[in-house]
Amino acid sequence: MKKAIVAACLALVLCLPLAALADEVKIGFHAPLTGWAAADGQSALRGAQLAVEFINADGGINGNKVAMVYYDDRIEAKESVIVARKLIESDRVVGVVSGSYSTPTRAAAPIYDRNKVPYISTIGTHPEIPMNRDYVFQIAVMSPIHGRVGAWMAAETLKAKSAVLLVMDNDFGSAVTDGFRIMAPKYGINILKEYNYPLGEKDFRSLLSNIKNDNPDVLWASGYYEEAAQIAKQAKELGLKATIIGQEGYDSPKFFELAGDATNGVVITTNLDRGSQSPMAQKFLAEFFKQHKVAADMVAASAFDGMLVMAHAIKTAGTKPDDIAKAIGEMKNFEGVATGPLLAFDAQGVVTRYIPVQIVKDQAFTSLTVCKDPKLITP
Amino acid sequence: MGTFLENLVTGAALGSIYALISIGMTMVYGLLKILHVAHAGVYVFGALLGLLAFRLTGSILFAFPAAVLGCALMGYLLYRFMYRRVQDEKPLIPLIVGIGMFTAMGDAYRLAAGPYSISFEHGLAQTGIVLGTFHISFNQVLVIGSAAALLVLVWLMVNKTKTGLAWRASAQDREVAMGIGVNSNYMFGLNFMFGSALAGIAGVLVGLYYGAVNANMGEVWAYKVFVVMVLGGLGNVTGTVIAAYLLGLAETFIISSWGYFLPRDAIAFICMILVLILMPNGVMGKRKQV
Amino acid sequence: MIPAYYHTIMTFTCINILLSLSIGVLAGYAGQVSLGHAAFMAIGAYASAMLTVTFKVSFWLAMPAAALVSAMVGLLLGVIALRLKEDFLAITTMGLNFIVIGVLLYAPYFGKALGIGDIPVPMLFGEEMGRGMYTALCLALVAGVVAAVWWLQRSWIGLAWRGIREAQDVAQVMGVNIAKFKIFAFVISTAIAGIAGSLYAHFLLFITPYDFGFPLSIQILTLAVLGGLGAIRGPVLGAILLTILPEYLRFIQDYRMLTYGLLLVLVMMYQPQGLFGHKSFLTEGLKRLFGGEEKIRGRAA
Amino acid sequence: MDVLLEIQGLSKNFGGLKALSNVDITLKPKEILGVIGPNGAGKTTLFNCINGLYRPDSGVIRFEGRPIQALGPDRIARLGIARTFQNIELFANMRTMENIMLGRHVHMRTGIFRGAAMWGRRSFAGREERAHRLTVETIIDLLGLQAVRDKLVGGLPYGTQKLVELARALALEPRLLLLDEPCAGMTAEEKQDMIFWIKDLQDELGVTILLIEHDMRMVMDISDRILAINFGRPIALGAPEAVRRHPDVLEAYLGKQERREPAA
Amino acid sequence: MNPLLEIRNIETYYDLIYAIRGASLAVDEGSITAILGTNGAGKSTILKTLMGLIEDQPDKGEILFDGRRIDGRDTEAIVRGGIAYVPEGREVFEELSVRENLLLGAFTRKDRDGIRRDVQRVLDYFPVLAERSHQWAGTLSGGEQQMLAIGRALMNRPRLLCLDEPSLGLAPLLVQEIFHIIRQINAEGVTILLVEQNARMALAIAHRGLILENGRFVLAGSAADLLQDPNVQEFYLGVRSTASAKGYQRWKRKRRWR
C-alpha cells in the first residue's frame, strides 16, 4: 500500500509540467471565481485584467510585457494555500495580488512572506493579514476604519443620536463593527442594541421588527451585498425609518439589482469615489463600463489598483523581492490609481487613504462626503 | 403588539415555505422509505424556471405553470432514471445518491445561472397592509395565501382521490397494493411528480418572497427539510405540515427574543437530534413497528 | 529536492487519505455512515490549534490530545447511534456537522468567525519543521494509520465489525456485543479524523469554522465511496485519485462539485462497491491483466 | 445435570396478537426436540425468545439452571446457545472462513484491545488463535466445506450456504443448538445429508438440538421428542408416534376430525 | 371446454431458492380447486408467480388465463384481466378505512357507479364490515380483516379468486365461517383457487385438490378421493411406509470432529 502511495506521488512529480521561464514579468493573482463570493471574484478578475491591459498598452514594465497568472481560490483557505504554492513554485511569479476576501488572503499571507514574494491584499481587510510580515501589504482599508468613519459620518453628516448594530457573524462583519462600536459613543451616539446574524441569512424580518421597536436614528448593518439587499428591502417592507449605514461590502451593482428602490437613502463607506476627479479613476470607470456593460464596483477598482501598485513598484525597483517590498512600503501619495490617492503605507504595510462616503440616489452611488480626518483613517 | 403580530406573520410565511417543500419529501419517504435529498434541487429548479418564464413573458402568472410543469417532469425523471434503480437497496444508498444528485444539481444551476443572486422582482413587492406600526407585505400575503390553498389541494389529493388512496395503500404495504392491481411504480412516479410540482411552486414563491433567486438557495433547505420531517413523524403528511409551521414560528420567535445564539440551522438540528433520540418515530409518529 | 508545491499537494493528499480511511473504518467495517465527518476534523483541528496557541502545548502532545477530544465526541455520537436506524444516523451526523460549526462560530471561546490564527509550526529538535519534514510526518502518520487499520481489520475486532455491517442481528446471535463494537468503531474513526484535523491546522496555520462545513463532509464521503468502502485499498486510492486528479485537470475545478456529485450518483448506482472495491470493473480488469492472482492463491490454500 | 433448558410459562405478544402463550418446555442434554406447527404458530418466535432477540412478556427461561430471559443475544450466545435462521442469514460479503471464524467470537476471551491480536494465514498467531483456527478447520472438514473456504458466501449455492450457516453455529461449540428449518428449500439429497449431520452432532458432540422443520418425515425420523404448537400454545409434546396421532395435531394440520366422517 | 386457468410446467426461483420445480395445474371455470401442502412446500409461491408478484418469474413454463398467456405481464394487467388475490395473513391496509380498502380493490376499474354498487354489495354480504365502514381496518378483529380482504378482492369482480391460506391464524369457528363464505362466492359463479394448509377443511368445500411438496405436485384428484387417500396423512404427518432415514446406507464417508 505504501508503495502505491509513493508511486502515485512520484508519478505526480514526474508528470506535472515544470514552469517555463520567460522574459515577461509574471504577476500572480487569485480571486474566488467560484463559490459563494464568485460575483466579487469575477469582478476583481475583470479589474485586474483591465489593469494589465493598461500597463501593457503603456509599454509594459521597462519594455517587458506583464503577464497575469490567475487561479481560483474558491473562497477557501485550503485552496488559496495550494494556489500560493503553485504561483511561487510552478509559475515563479514576481509578485502576487489577492482579489479575495480576508479568509483566503489570511491563509496565504504567511506563505508569501516566508518565500519572500511581495503580496498585496486588495479587498481582504483583516488586520492580521499584513501583521509582522515584511512582504505583505494591504491597500484595502482596514476593517475597523470603516466602522470609525461610519460613526463619524452618522454623527457629523446624519446628525444621528442613536444606533442599532446588525452584525454579520464572519470576520469581516465583526471587524468592521468593532470600529463603530468603539467610536460611536465618542461622537455622542447611543448604541441601543446589537443583533447578530449568520452569513448567508435571507430572512431579517424578525430582527427588523425588533429594531423598528427600538426606533434608532441609524441602523449600522454590516454585510455583503446579498445580505444588504435583503436588509434594505425587508426594512422598507416593514416600514423601518432608520437610515441604513453599510460598508464596502454593499458596493456592487448587484445590490441595486436585488433591492431596487429600497436601496435609496442607504449610506456606505467604501474606497471607490464615483465622483472622483482623478484621471485614472475616470479612465478606469469609463473603460470598465465599455468592456463589460456594467458599472465598475469597488472590488474591481481595488483589484485594478493592486495590480497597478505592484507593477509600479516593479517598474521603479526591479524584480528583486526585497526591492519591490521596499518600493511599495515607501510609496507616498500615489495618485495613479482608481480609488483615490494612497497616502502612505505604515510600518505594518497597511495603506492610509481618504474614505469616501457614498449615498444611494436613484439606485446609484453618489458622493456624500469624504473622510480625511487622520485620527480616523490612520490604521 | 405590532412586533408580535409581525413575527407571527413572518413565522407563518416561513412555515408555509417549509411546508410546501417538505410535503414532497415526506410523501416520498412515506411511500418508498427514501430520504429524497435531491428534492431541494427540484425546488431550486422551480425557482429558476419561474424566473426564466417571468423574464421571457414579463408576467409572474406564467412563472407558476412553468415551474409546475418543469418540476413535475424533473421529479419524474429523477424517479424513473435514478431512484427506481435503487429504491429497493439499503436506505443509505438512495440517500447518498440523492445527496450526490443534489450536489451536482446545485453546481449545474450555478454554471447555468451564475453564482450570484438574480433579481426576481414583481411590481407589487413593496406594497402591503399598514396598520399603525404593523406591516404586512404583499409578499407575505402571497406566500401564506397560496400555501394555504395548495395545502387544501394536497389534502384533497391525498384523501379524496383514487390516486391518493393508492399512495396511502402503497405506503402501507407495497406488495399487497400491487397484488390488488395498483401499479406501484406508476404511482410512485406520479407521487414524485406531484411533490416536485409543489416544490417548484415553493421555489417560485421563495423567489418572489425574497425578490431573488440563487443557484445555491436549496442548500439550507435540503437538510432542513429533514428536521421538519422528523418533527412531523416521518412520512406523516399532516404531521409534517404542522411541524413546518411550528418550526417557522419557533425560529422566528426564538430569534426575535434571543437573537442568533446559534445559527438558525444548528438550532433546528439540535431539536431534530433530541427528537430522534427521545422519540425515534418522531413527535407525531404513531406507526407501530412489528 | 521536491518543490514545495508538491509538498503541499502531498500533505493534502495525506490528510484526505486519513479522512477517507476514517470513513472507511466507520462505514466500510462497521456499516455506520457519517455525513458529518468534517465536524470531527474541525474538533481535532480546533483542539490542536487551541492547545498550541492558547495553552502553549507542544504540537507533539496536542495532536494525540486532538485525536482524543475528537474521539470523545465520537463516543457520544456512537452512543446516540445505537438508537437510530442507519439513514437517520446519517442525517444526525449531518446535523452534528451544522451544530459543531455553529458552536465554533458563536462561542466566543473558539474565536468565533475570526477563527484561530498564528498556529505554530511544529517544532522538531528545537527548530521549526520544514515543509518537507511536515510532509514526511504526514506520510508517516498515514502509514501508521494504514497499518493500524489493517491490523484492526485482520483482528477479531475487524471480524466483528464486518459481522455487524453485514447483519447486525446475526452478529449479535454469534455473541458479538453490538453496542461495544459500534461505539469502538466511532471512537477509532473520529480519532483518525481528529488527527487529520490537527495536521490540517498545523499546516494551514490558520483555521476558521467555515473550513469545515457540510460540503467538506460530502467530499470526504465521496473520497471513500468512490474508492470503495470496506477495504483500505478503496479509501486510500479514492483519496489519492480525487486529490491529485483535480490538480492535473484544473479546468475541472469549475465543475468540481458537479463532478463529485455525479461521481457519487454513478458510483452508488452502478458500482456500489467503489472503483477499487471488491469485484469492481477496475479491480477485475486489473486482476485479469496481471494474471489471476486469486486463482494462484486459491490453489496454494 | 439432567435439565439443560427449562422454559416455564413463556408468553410473547405483538400488539394484540398472542404469538406465544404459556409455553413450557424441558430439554434434557443430548436430546433432539423437534418443534412443529402450522405457519404462524409461533415457532420462530419461540427461538427468538430463547436466544434473546425478543424479550418475552412473561415466563422464565433457564439454561443450565440460570435464568436468561432478560439477557441480550450476545450474552446468551456466550452461554453456549447457537442458532441458524429460517432464511439464510450469512455475512454475504465475507468468505466462508471468515463467517465461521466469527462464530468463534464468543471464545475470544480477551478484551477489545487485546482482541486486536491478528489472525490470518500468514500472520503471527498466538496459541489461542491457533486453537481457534484448528477448531474452524475441523468444522470445515467435518461439513466438507474445504472447497469453498475462501469463497464469498453470497455466491455459494443455496444448500452450501445452509451448511455454512450450520458450521458457523457449530463454531460457537454450543451446548444448545437451535436449528430453524435446516432443510427448507433443499433438494432431497441435501436433506439426506443434513439429517446425517444433525444425527452426528448429537451422537458425537453431545449437542442438544431444538429443531423447527416442516418436512415431517425428517422431523419424525430424527427427533427424540416432538413439540407441536398452534396459535402460540403447545398442543402436544412427546414421542413422535404419540404426537402424530394426537387429535389436536391432526386437527391443526388436517382440519377438524368430524368433517371427515360425512365424507368417508 | 378449456380450463379457465392453466399453469403449464412452471419453474420459479424465489431469491436463491428453487421454489417451484415444474408444476402444472388446470382450474375449470366455476370450480373450487385447493392446493394443499405443508409450510415451505411452495404454495404461496405458486400464487405469487401467477399474480406476477415475483420479478422476472416464472423462470420457465407458461400460465394461461382464459386461453391467453399472462406470465411475465404486470400484476396490474393480470388483475385487470379478472384475477383477484387475497394475500396470506389478512393483509389489509390497517391505516385506511374499511371503505377505502374496498375502493382499492376496484382500483383497476373505471365505472364509478358500478364500483359504488359493488361496495354496497360487499357490505351487504359482510354486515360486520358495514357497521364499521369508516373505521380503520387495523381496528378490526382477525376474522373481520379476513372478510375485508376477501371483500376487497371481490370488488374487482373477478372471474378467478385466489385465496392464500384464508384460515391462517383464525380460530376454528371463524375458519368455518370463512369457508362457508368461500363456498357461497363460488356458488355465485366465481372460480376459486384456494391454497390451504388445513386439508380437511379445504377438501370439504373443494371440487378438486392437489398436493404440493417441495415445489412439485405429488398428488392430484377429486376432493373426495383425496380425503380418503392414506397418502394425504403421510404428506402432512410424515407417516411413511418405506424404511426411515436411519436405515439408509450413508454414502458419504463419516468424518470425525476433534
Side-chain angles (χ1 to χ4, degrees), chain B residues 29 33-35 37-38 41 81-83 85-86 89-111 216 219-220 222-227 229-230 234 259-274 276-280 282 289, chain C residues 27 31-33 35-36 76-77 79-107 113 165 209 213-215 217-219 221-222 224-226 229 254-270 272:
Chain B
Y29 186 80
K33 301 286 174 283
I34 282 178
L35 291 170
V37 183
F81 294 104
M82 201 174 81
Y83 285 118
R85 276 190 72 102
V86 293
E89 307 275 350
K90 287 200 288 181
L92 216 54
I93 293 190
L95 174 67
I96 297 180
V97 164
I99 289 178
M101 182 46 85
F102 173 61
T103 310
M105 282 161 101
D107 218 35
Y109 299 148
R110 180 185 59 79
L111 291 169
N216 61 19
E219 266 162 34
V220 179
Y223 308 111
K224 207 150 189 186
V225 175
F226 289 139
V227 180
M229 273 177 69
V230 168
L234 303 176
Y260 293 85
F261 58 90
L262 275 180
R264 204 181 265 253
D265 312 329
I267 301 173
F269 270 110
I270 289 175
C271 296
M272 183 196 80
I273 292 176
L274 286 179
L276 273 179
I277 295 171
L278 300 175
M279 297 171 266
Q289 311 269 308
Chain C
Q32 309 284 302
V33 159
L35 289 179
L76 183 75
L77 178 64
V79 174
I80 293 174
L82 295 178
R83 280 191 68 99
L84 300 175
K85 287 190 290 179
E86 53 182 356
D87 42 351
F88 288 98
L89 171 63
I91 59 175
T92 299
T93 53
M94 173 194 296
L96 192 72
N97 198 164
F98 284 94
I99 293 169
V100 166
I101 300 310
V103 169
L104 293 178
L105 211 49
Y106 277 71
R165 178 191 68 190
F214 182 63
S217 289
I218 295 291
Q219 284 177 39
L221 186 72
T222 316
V225 165
L226 180 85
L229 295 171
D254 201 24
Y255 311 93
R256 184 180 46 133
M257 289 319 279
L258 183 72
T259 322
Y260 277 19
L262 287 180
L263 272 177
L264 261 186
V265 174
L266 293 176
V267 168
M268 271 292 155
M269 280 175 73
Y270 297 100

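Naming: A, B, ... by sequence-line order, numbering from 1 per chain.
For the set B/V86, B/L35, B/V37, the count of heavy-atom pairs under 4.5 angstrom toward chain C peaks at B/L35. Ranked by non-hydrogen atom pairs under 4.5 Å with chain B, the options C/V265, C/V103, C/L264, C/V225 are led by C/V265.
Residue B/Y109: no heavy atom, backbone or side chain, is found under 4.5 Å from chain C. Neither the backbone nor the side chain of C/L266 comes within less than 4.5 Å of any heavy atom in chain B. Both the backbone and the side chain of C/L262 have a heavy atom closer than 4.5 Å to some heavy atom of chain B. Looking at C/L35, only its side chain comes within 4.5 Å of chain B, counting heavy atoms on both sides.
The minimum heavy-atom distance between B/M272 and C/I91, with the atom names listed, is CE-O, 3.6 Å. Shortest non-hydrogen contact noted between B/R85 and C/Y270 is CZ-CE2, 3.4 Å. Residue C/G102 comes nearest to B/A266 through the heavy atom pair CA-CB, 4.5 Å, listed as atom of the first residue, atom of the second, then distance. Residue B/L95 comes nearest to C/A90 through the heavy atom pair CD2-CB, 3.4 Å, listed as atom of the first residue, atom of the second, then distance. Across all non-hydrogen atoms, the minimal contact from C/G95 to B/I273 is C-CD1, 4.3 Å.
For the atom pair C/L89 CG and B/L276 CG, the distance stands at 10.0 Å (nearest 0.5 Å).
Take C/S217 and apply the side chain to side chain donor-acceptor pair (under 3.5 Å) test, not counting sequence neighbours, and it matches C/N97. Listed by chain and number, the residues in a ring-ring contact (aromatic ring centres under 6.0 Å, His included) with C/F98 are B/F269, C/F214 (sequence neighbours excluded).
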